[in-house]
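Computed from a predicted structure; not experimentally measured. Protein chains get the first letters and strands the later ones, always in sequence-line order, with residue 1 at the start of each.
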Amino acid sequence: MRYSEMHLPTGREIPSDAEVVSNQLMIRAGMIRKLTSGIYSYLPLGYRVIRKVENIVREEMNKAGAQEVLLPMVQPAELWQESGRWTYYGKELLRFKDRNQREYCLGPTHEEVITELVRNDIKTYRQLPKNLYQIQTKFRDEVRPRFGVMRCREFGMKDAYSFDADEAGAEKSYEKMFTAYNNIFRRCGLKFRAVEADSGSIGGSYSHEFMVMAESGEDAIAFCEKCQYAANLEKAEIAGPQPKAVSESEWLPVESIETPDVRTIVEVSSFLNVESTQIVKTLIFNADGKACAVLIRGDHEVNEIKVKNYLNAAEIELADDEMILKATGAPRGFAGAVGIKCRIIADYSIMDMVNFVTGANKQDYHLKNVNIGRDFKVESFADLRIAQPGDPCPRCSGNVKFARGIEVGHVFKLGTKYSKAMKAVYLDRDGKEKTMIMGCYGIGIGRTVAACIEQNFDANGIIWPMPLAPYSVIVSPVNINEKDVMKAAEDIYSELTAQGVEVIFDDRDERAGVKFKDADLIGIPLRITVGSKNLAQGNVELKIRKTGENRLSAFQNVVAEVKKIIDSEMKEAS
RNA sequence: CGGGAUGUGGCCCAGCUUGGUAGGGCACUGCGUUCGGGACGCAGGAGUCGCGCGUUCAAAUCGCGCCAUCCCGACCA
């Protein structure tokens, strides 16, 4: 394409409202424009990259046996009431009414619609398994949209849904998608990692997230330095206890100590001159309206998701002052397990603690030399805390490290959560009605593009990996008023085009510096510079965006050389 | 929803403290010079200063209210 005819408005200023690099660069490179908070238009260059990702996704989904459909974005309330999510999904679900006052929502995800579709058309085990997917615009009314297209309200997503007759089949469907996702992100040229994840409000029993590794990522990942274990921090397990035998002979008598206005771990630690590892923190949670005390070592943080899952609660939050007062008889800051009036669960890490410090359930008092078994009883021990770097790996003898990532894909084993609620059933071989087993699998298309930029940029702009590059090559004649130069550049351009290479011909009447800056900014992997001096020797320049290498290439050869580089880079990512 | 910041031609910003003719840079149009890493000169076009109400002879500037955008937190496939 001729640059002079393209709609490619680049900018040199960083937009004042763009914080993250990918957002700044996507705007400066003329890929996107913001319409309003969390809602973006894609310009030609941006949309080309979107389609690159979509096509890779499509190919791998088809290869994995999934079939493409297109589902409605506007969905009736009844469907969501049937699954229970009309109430449960919350404010992220954008609801509205039509002229007849019937309620609808904009689809944030499509479990309801696909389940409705499948239950009507699939009646027998002979029609199973099935995997249907779509690439379509979703709307989620995010509490706080941010980071450009990385966390926006309207966004393109590939979502797939599998239906199986039994667990074994569902397992297989999941594995297929897991493999397909690995292929997709590898083909996109991304550095990524599949991590174990919590399944959140979509529900279900088992899930993995695909994380593009980037410092700016919103998610923290814990991974083992020795084995393959990797998990989202909110899910990351900690190796179970190896409790030492607690010797009761070490137990000292409990002491109650006045600690006026000393509440936090830091305050208690310095006031009593004890290490935070010798303190047991007692947090009172409100789990579906009931108080529950969670005990944890002073230097650890509670993982609320683990607590919520352990208690099997619909909602948990830290208890308010009233509930704390009722359970402990004291204001916030002095809770302890001794004599508390609610359930007590505890993290593994306090199992073998002896003579520890804890709140006295009395204002301005803490207890010293408290011991489990003698002074209070714990209902059960569990893994309830947030992992820390260096914690033991739950799978091997190694230790975990931390990294950051951007979630670009998520695979869930849903089980029968939706098929049961919405009666997606089939007749099995034995003539009995059974519930289908589902899985769902999402990829954020725009987010993948942004994540790719977060991983591939420098001070001059974007550096596209070949598979996602909107164009593979840009041909830049240094001065369009020199006939020989223009003629040579035209020849290279048409030869590349004839060979099926995606190429921009920068035929603008601009100074060389402007052309080079724009080429770098929009991140085209290869640039052929045609200038009079080199051309007189029969040469042009071939510049590699990624490495900065700039080499001479014979005019006659450059097309073949470019083809070779493109082929090898595409192959490397395949 | 809590805390903070910002809102002035398409973009980046100054002007506001101390009220008095709306400014600069980039971009855009025309002419000329220049032409290998975001050129220069001259001449132009383009703005209800986020919106409303108020104070004042007079408001971008002061006061009150609202809206929008961004950041931190809470929340979240």
Side-chain angles (χ1 to χ4, degrees), chain A residues 9-20 23-24 27-28 30 33-39 85 88-93 107-111 138-148 150-153 155 157-161 197-204 207-211 218-219 232 234-235 304-305 308 315-318 406-414 417 439-444 447 459-461 476-482 485 506 508-522 527-535 540-541 543 548 550:
Chain A
T10 57
R12 79 171 70 183
E13 307 278 3
I14 296 170
S16 59
D17 58 0
E19 190 70 13
V20 294
N23 192 216
Q24 294 172 353
I27 294 166
R28 287 188 54 210
R33 290 291 180 261
K34 185 174 73 180
L35 180 63
T36 184
S37 178
I39 300 182
R85 287 206 289 185
Y88 185 68
Y89 208 97
K91 284 187 182 170
E92 255 185 73
L93 190 64
T109 171
H110 281 65
E111 283 80 10
K138 300 279 184 282
F139 194 95
R140 293 183 190 176
D141 201 355
E142 286 281 345
V143 191
R144 177 145 98 86
R146 57 187 137 168
F147 308 145
M150 277 219 278
R151 179 166 294 280
C152 50
R153 298 193 292 170
F155 60 99
M157 173 167 151
K158 186 283 302 178
D159 47 324
Y161 305 89
D198 185 73
S199 43
S201 77
I202 290 257
S207 88
H208 282 90
E209 287 168 344
F210 285 77
M211 295 283 190
E218 280 191 273
D219 293 282
N232 192 311
E234 64 187 27
K235 165 84 176 182
E304 291 196 17
I305 291 170
K308 181 177 165 184
E315 290 294 335
I316 68 161
E317 56 180 0
L318 280 170
I406 301 161
E407 178 194 349
V408 290
H410 205 154
V411 294
F412 295 88
K413 240 179 85 181
L414 284 179
K417 178 172 161 131
C440 75
Y441 318 93
I443 291 179
R447 191 184 278 187
N460 292 316
S476 307
V478 165
N479 185 337
I480 68 163
N481 300 311
E482 294 173 335
V485 166
D506 196 347
R508 294 176 300 168
D509 188 6
E510 289 286 357
R511 297 162 68 88
V514 173
K515 295 186 180 189
F516 296 161
K517 288 286 183 193
D518 275 334
D520 286 349
L521 176 60
I522 65 177
R527 186 182 86 209
I528 299 171
T529 313
V530 185
S532 54
K533 276 181 201 148
N534 286 319
L535 192 60
V540 296
E541 281 162 65
K543 179 149 187 172
N550 195 14

**Student:** Please give, in whole Å, the distance from B:C70 P to A:R151 CZ?
**Tutor:**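 That distance rounds to 14 Å.
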**Student:** Cation-pi between A:R447 and A:F155: NZ/CZ under 6.0 Å from ring centre and within 45° of the ring axis?
**Tutor:**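 The answer is no; the distance or angle limit is not met.
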**Student:** State, yes or no, whether a side-chain contact exists between A:K517 and A:R12 at a heavy-atom distance under 4.5 Å.
**Tutor:**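 No, side chains not in contact.
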**Student:** Rounded to the nearest Å, what distance is computed from the NZ atom of residue A:K34 to the C1' atom of nucleotide B:G10?
**Tutor:**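 Going from NZ in A:K34 over to C1' in B:G10 covers 15 Å.
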**Student:** Roughly how far apart, to the nearest Å, are B:C40 and B:C49 at atom P?
**Tutor:**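 Between the two P atoms, the distance is 32 Å.
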**Student:** To the nearest Å, how far apart are A:M150 CE and B:C71 P?
**Tutor:**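 So the CE-P distance, A:M150 to B:C71, works out to 11 Å.
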**Student:** Tell me which nucleotide among B:U34, B:A74, B:C12 gets nearest to the side chain of A:P15.
**Tutor:**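 Looking only at side-chain atoms, A:P15 lies closest to B:C12.
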**Student:** Taking both distances under 3.5 Å as the test for a Watson-Crick or G-U pair, what stems of at least three pairs does RNA chain B have?
**Tutor:**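 Paired runs of 3+ in RNA chain B: B:1-7 with B:67-73, B:10-13 with B:23-26, B:28-33 with B:39-44, B:50-54 with B:62-66.
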**Student:** To the nearest 0.5 Å, what is the distance between CG on A:L414 and CD on A:E111?
**Tutor:**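 That separation rounds to 6.0 Å.
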**Student:** Measure the distance from NZ on A:K308 to C1' on B:C75 and round it to the nearest whole Å.
**Tutor:**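 The distance from NZ of A:K308 to C1' of B:C75 comes to 11 Å, rounded to the nearest Å.
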**Student:** For A:Y441, report the nucleic acid contact type (base, sugar-phosphate, nothing); a contact means any heavy atom under 4.0 Å.
**Tutor:**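 Counting heavy atoms under 4.0 Å across all strands, no contact is made by A:Y441.
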**Student:** With a non-hydrogen cut-off below 4.0 angstrom, is A:K533 in contact with a base, only sugar-phosphate, or nothing?
**Tutor:**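 Counting heavy atoms under 4.0 Å across all strands, no contact is made by A:K533.
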**Student:** OP1 or OP2 of B:C1 sitting under 4.0 Å from any side-chain N/O of A:K91?
**Tutor:**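 Negative; the distance criterion is not met.
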**Student:** Any chance you could measure A:N481, atom CG, to A:D509, atom CG, to the nearest 0.5 Å?
**Tutor:**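 Rounded to the nearest 0.5 Å, the CG-CG separation comes out at 5.0 Å.
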**Student:** Any side-chain heavy atom of A:E407 within less than 4.5 Å of one from A:N232?
**Tutor:**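 When only atoms from C-beta onward are counted, A:N232 and A:E407 do not touch, as no gap falls below 4.5 Å.
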**Student:** Measure from the side-chain heavy atoms of A:R511 and tell me the nearest of B:C70, B:C76, B:U34.
**Tutor:**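 Closest of the options to the side chain of A:R511: B:U34.
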**Student:** Considering only B:U69, B:A74, B:C72, which nucleotide approaches the side chain of A:T36 most closely?
**Tutor:**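 That would be B:U69.
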**Student:** Do A:D518 side-chain and B:G38 base share a donor-acceptor contact under 3.5 Å?
**Tutor:**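 Indeed, a donor on one side and an acceptor on the other fall under 3.5 Å apart.
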**Student:** Between atom CG of A:D506 and atom CD1 of A:I528, what is the distance when rounded to the nearest 0.5 Å?
**Tutor:**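 The distance works out to 12.5 Å.
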**Student:** Students often get this wrong, so: under 4.0 angstrom with heavy atoms, is A:N460 touching a base, only sugar-phosphate, or nothing?
**Tutor:**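 No contact at all - A:N460 keeps every heavy atom at 4.0 Å or more from the nucleic acid.
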**Student:** For the P atoms, the ones on B:G20 and on B:G15, what distance do you get once it is rounded to whole angstrom?
**Tutor:**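 Each nucleotide's P atom is 14 Å from the other's.
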**Student:** 5'-most contact on RNA chain B: A:I443 or A:I14, nearest heavy atom basis?
**Tutor:**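 The 5'-side residue here is A:I14.
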**Student:** Among the candidates B:C75, B:C13, B:A68, find the nucleotide nearest to the side-chain atoms of A:R146.
**Tutor:**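 Within the option list, the nearest is B:C75.
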**Student:** When you measure from the side chain of A:N479, which nucleotide among B:G38, B:G36, B:C35 comes out closest?
**Tutor:**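 Looking only at heavy atoms from C-beta outward on A:N479, the closest nucleotide is B:C35.
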**Student:** Can you find a side chain N or O atom of A:R12 that sits less than 4.0 Å from OP1 or OP2 on B:C12?
**Tutor:**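 Checking A:R12 against B:C12: no side-chain N or O falls below 4.0 Å of OP1 or OP2.
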**Student:** Using the P atom as the reference point in each nucleotide, state the distance between B:A59 and B:C75 in Å, no decimals.
**Tutor:**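 Straight-line distance between the two P atoms is 48 Å.
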**Student:** Return the nearest nucleotide to the side chain of A:E19; candidates are B:C71, B:G36, B:C1.
**Tutor:**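 It is B:C71.
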**Student:** Does A:G531 reach a base, just sugar-phosphate, or nothing at all? Heavy atoms under 4.0 Å.
**Tutor:**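 Base, at least one base heavy atom under 4.0 Å.
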**Student:** Quick one: A:L93 CG to B:C76 P, roughly how many Å, whole number?
**Tutor:**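 Atom CG in A:L93 sits about 15 Å away from atom P in B:C76.
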**Student:** If I pick the C1' atom on B:G25 and the same atom on B:U33, what distance separates them, to the nearest angstrom?
**Tutor:**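 Approximately 22 Å lies between the C1' atom of B:U33 and that of B:G25.
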**Student:** Considering only side-chain heavy atoms of A:V514, which listed nucleotide, B:A74, B:C35, B:A39, is closest?
**Tutor:**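 Between B:A74, B:C35, B:A39, the one nearest the side chain of A:V514 would be B:A39.
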**Student:** Tell me: CZ of A:R144 to C1' of B:C1, nearest whole Å?
**Tutor:**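 It is 13 Å, rounded to the nearest whole Å.
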**Student:** Could you state the interatomic distance from CZ (A:R146) to OG (A:S37), rounded to the nearest 0.5 Å?
**Tutor:**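 The distance works out to 11.0 Å.
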**Student:** What integer number of Å spans the P atoms of B:U61 and B:C53?
**Tutor:**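 Roughly 14 Å separates the two P atoms.
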**Student:** With a non-hydrogen cut-off below 4.0 angstrom, is A:K543 in contact with a base, only sugar-phosphate, or nothing?
**Tutor:**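 Contact class for A:K543: base.
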**Student:** Ignoring backbone atoms, establish whether A:R28 has a side-chain N or O less than 4.0 Å from OP1 or OP2 of B:C11.
**Tutor:**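 Answer is no, no contact under 4.0 Å.
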**Student:** Starting at the 5' end of RNA chain B, which residue's closest nucleotide do you reach first, A:F147 or A:N550?
**Tutor:**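 Of the two residues, A:N550 wins.
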**Student:** Quick check for you: among B:G37, B:A39, B:A74, whose closest atom lies nearest to any side-chain atom of A:K517?
**Tutor:**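 Looking only at heavy atoms from C-beta outward on A:K517, the closest nucleotide is B:G37.
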**Student:** If you round to the nearest 0.5 Å, how far is NZ of A:K515 from OG1 of A:T529?
**Tutor:**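 Answer rounded to 0.5 Å: 10.0 Å.
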**Student:** To the nearest angstrom, how far is A:D141 atom CG from B:C75 atom P?
**Tutor:**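 Checked: the CG to P distance equals 18 Å.
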**Student:** Any N or O donor-acceptor pair under 3.5 Å from the base of B:G37 to the side chain of A:R527?
**Tutor:**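 Per atom types, the contact qualifies.
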**Student:** Per the atom types in the model, does the base of B:G37 pair as donor or acceptor with the side chain of A:E510 at under 3.5 Å?
**Tutor:**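 A donor-acceptor contact between them is absent.
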**Student:** Measuring only the C1' atom in each nucleotide, how far is B:C13 from B:G52? A whole number of Å is fine.
**Tutor:**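 That atom pair is separated by 27 Å.
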**Student:** To the nearest Å, how far apart are A:E218 CD and B:C71 C1'?
**Tutor:**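 My rounded result for the distance is 13 Å.
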**Student:** Find the distance between CG (A:N550) and CD (A:E541) and round it off to the nearest 0.5 Å.
**Tutor:**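 A:N550 CG to A:E541 CD: 4.5 Å, rounded to 0.5 Å.
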**Student:** Measuring to OP1 and OP2 of B:C70, would you say a side-chain N or O of A:S37 lies under 4.0 angstrom away?
**Tutor:**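 It does, given that an N or O in the side chain of A:S37 lies less than 4.0 Å from OP1 or OP2 of B:C70.
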**Student:** Go through B:C35, B:A74, B:G36 for me and flag the one nearest to the A:V478 side chain.
**Tutor:**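 Comparing B:C35, B:A74, B:G36 against the side chain of A:V478, the answer is B:G36.
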**Student:** Any base atoms under 4.0 Å from A:E541, or only sugar-phosphate, or nothing? Heavy atoms, all strands.
**Tutor:**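 It contacts base atoms.
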**Student:** Remember a base hit wins even if backbone is also touched, and classify A:N23 as base, sugar-phosphate or nothing at under 4.0 Å, heavy atoms.
**Tutor:**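 No contact at all - A:N23 keeps every heavy atom at 4.0 Å or more from the nucleic acid.
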**Student:** For B:C11 versus B:U21, give the span between their P atoms, rounded off to a whole number of Å.
**Tutor:**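 B:C11 and B:U21 have their P atoms separated by 26 Å.
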**Student:** Check every atom of B:A74, B:G36, B:C12 against the side chain of A:E13 and return the nucleotide holding the closest atom.
**Tutor:**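 Given the options B:A74, B:G36, B:C12, the side chain of A:E13 is closest to B:C12.
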**Student:** Is there a side-chain contact between A:S16 and the phosphate of B:C13, meaning an N or O under 4.0 Å from OP1 or OP2?
**Tutor:**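 Looking at the OP1 and OP2 atoms of B:C13, one of them is under 4.0 Å from a side-chain N or O of A:S16.
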**Student:** Are A:E209 and A:K235 within salt-bridge range, i.e. N to O under 4.0 Å?
**Tutor:**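 No, A:E209 and A:K235 are not salt-bridged.
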**Student:** Where is the tightest heavy-atom contact between A:R151 and A:E218, given as atom of each residue plus distance?
**Tutor:**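 It is NE-OE1, 3.0 Å.
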**Student:** C1' atom, B:A60 versus B:G7: distance in rounded Å?
**Tutor:**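 Rounded to whole Å, the distance is 11 Å.
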